[in-house]
Every structure is written in structure tokens, then in C-alpha cells.
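Written below as C-alpha cells is the structure these notes are about.
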Amino acid sequence: MKFRPLHDRVLVRRVTAEEKTAGGIIIPDTAKEKPQEGEVIAVGSGTLNEKGELRPLDVKTGDRILFGKWSGTEVKLGGEELLIMKESDIMGILESPSAAKAA
């Protein structure tokens, strides 16, 4: 199934939570906190500014992002749990060290 968010909405897949602590203790599902990091799956077209021009979003498909603990709405699409959130709920884009060196 294809899904395209509208306006300034973003579809996000959470990264998987760590199964073990640094010391090797296995964390049960009931004690895990949901990760606040994810991968952008799809983005909306953007918002209109005061002049009526379309302003595209800063995030794009494939970006790794950080978002707030209570951000977004959980949905199930194609058997997978995803989040739909506004771009303003995103705190930042994570860049890999190799991408930062190239810039």
C-alpha cells in the first residue's frame, strides 16, 4: 500500500530499541522505552507561506531524525507500526560522520 502524507506531515519508522544494556543485561519488552529516533519514509508537499507560495519541507525521505517523546500519531500500515507527525515535531536530522566530512 502507498501512503503520501499531506502538507507538512511526515511518515516515520522508529528505529528498533536496544535489546541489551551495555553491561549485557537483556531488557524485556515491557521495560523498554520507545526510541525517539526514526527514519523518514514519506513527506508531504509542504506548507503555503504568506505569499501563497509552496514551502517544501526541510526533511526528505531516508533522513534519520530525532523527535519528542510524545510526538506524532501511531498508525498501522501494511502490518507495520509507523508514526505520522508534523515537521515542527521533529527536533533535528542526524547526519552520519562521513556526510559531515564531505560538507
Side-chain angles (χ1 to χ4, degrees):
M1 172 178 12
K2 275 291 234 189
F3 178 82
R4 184 177 53 92
L6 298 177
H7 308 296
D8 66 338
R9 307 255 191 241
V10 179
L11 184 66
V12 176
R13 175 187 299 125
R14 285 186 197 265
V15 296
T16 54
E18 290 294 320
E19 300 289 326
K20 292 183 182 180
T21 64
I25 298 171
I26 297 175
I27 304 168
D29 288 338
T30 55
K32 287 182 196 170
E33 283 201 29
K34 292 189 176 179
Q36 297 174 21
E37 184 179 330
E39 178 185 357
V40 176
I41 304 300
V43 295
S45 57
T47 57
L48 295 176
N49 63 15
E50 306 85 38
K51 299 176 186 174
E53 301 166 338
L54 189 66
R55 184 191 71 80
L57 301 182
D58 290 332
V59 296
K60 61 187 180 305
T61 302
D63 281 350
R64 294 280 296 229
I65 59 167
L66 288 178
F67 50 87
K69 192 172 199 168
W70 309 110
S71 299
T73 302
E74 292 184 357
V75 295
K76 198 166 197 168
L77 294 173
E80 184 177 17
E81 287 192 21
L82 302 170
L83 286 168
I84 298 175
M85 65 181 68
K86 288 189 167 201
E87 183 187 35
S88 59
D89 290 339
I90 298 171
M91 292 189 268
I93 300 170
L94 295 168
E95 296 180 0
S96 64
S98 58
K101 288 179 184 175

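Note that the coordinates shown come from a computational prediction; the quantities given were computed from them, not determined experimentally. No hydrogens, no waters, no symmetry mates; every other heavy atom, side chains included, goes into these values.
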>> Assess the residue pair Val15 and Arg64 against the criterion (side-chain contact (heavy atoms from CB on, under 4.5 Å)); give the C-alpha distance rounded to whole Å, side-chain angles, the decisive distance to 0.1 Å, and a yes or no.
In response: CA-CA 9 Å; Val15 296; Arg64 294 280 296 229; 3.1 Å; yes

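With sequence neighbours excluded, the residues that form a salt bridge (Lys or Arg N to Asp or Glu O under 4.0 Å) with Asp63 are Lys60. In this view, Thr61 satisfies the side chain to side chain contact (heavy atoms under 4.5 Å, CB included) rule with no residue, not counting sequence neighbours. For Glu50, there are no side chain to side chain donor-acceptor pair (under 3.5 Å) partners, not counting sequence neighbours. For Ile41, the side chain to side chain contact (heavy atoms under 4.5 Å, CB included) partners two or more places apart in sequence, or in a different chain, are Leu11, Arg13.
Nearest heavy atom pair, residue Gly72 against residue Met85, reads CA-CB, 3.7 Å. Contact detail for Val12 and Phe67: the closest heavy-atom pair is CG1-CE2, 4.0 Å. The nearest pair of heavy atoms linking Leu57 to Gly46 is CD2-CA, 4.0 Å. Across all non-hydrogen atoms, the minimal contact from Leu54 to Pro56 is O-CD, 3.5 Å.
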Give every donor-acceptor pair under 3.5 Å between a side-chain atom in residues 3-10 and any protein atom, sequence neighbours left out.
none

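In this structure, the separation between CD on Gln36 and CD1 on Ile65 is 11.5 Å, given to the nearest 0.5 Å. Taken to the nearest 0.5 Å, the CG atom of Leu82 stands 10.0 Å off from the CD atom of Glu74.
Residues Met91 and Val40 fall into different hydrophobic clusters, defined by Ile, Leu, Val, Met, Phe, Trp and Tyr side chains chained together at heavy-atom separations under 4.5 Å.
Hydrophobic clustering, defined by side-chain heavy atoms of Ile, Leu, Val, Met, Phe, Trp and Tyr closer than 4.5 Å, groups Leu66 together with Leu94.
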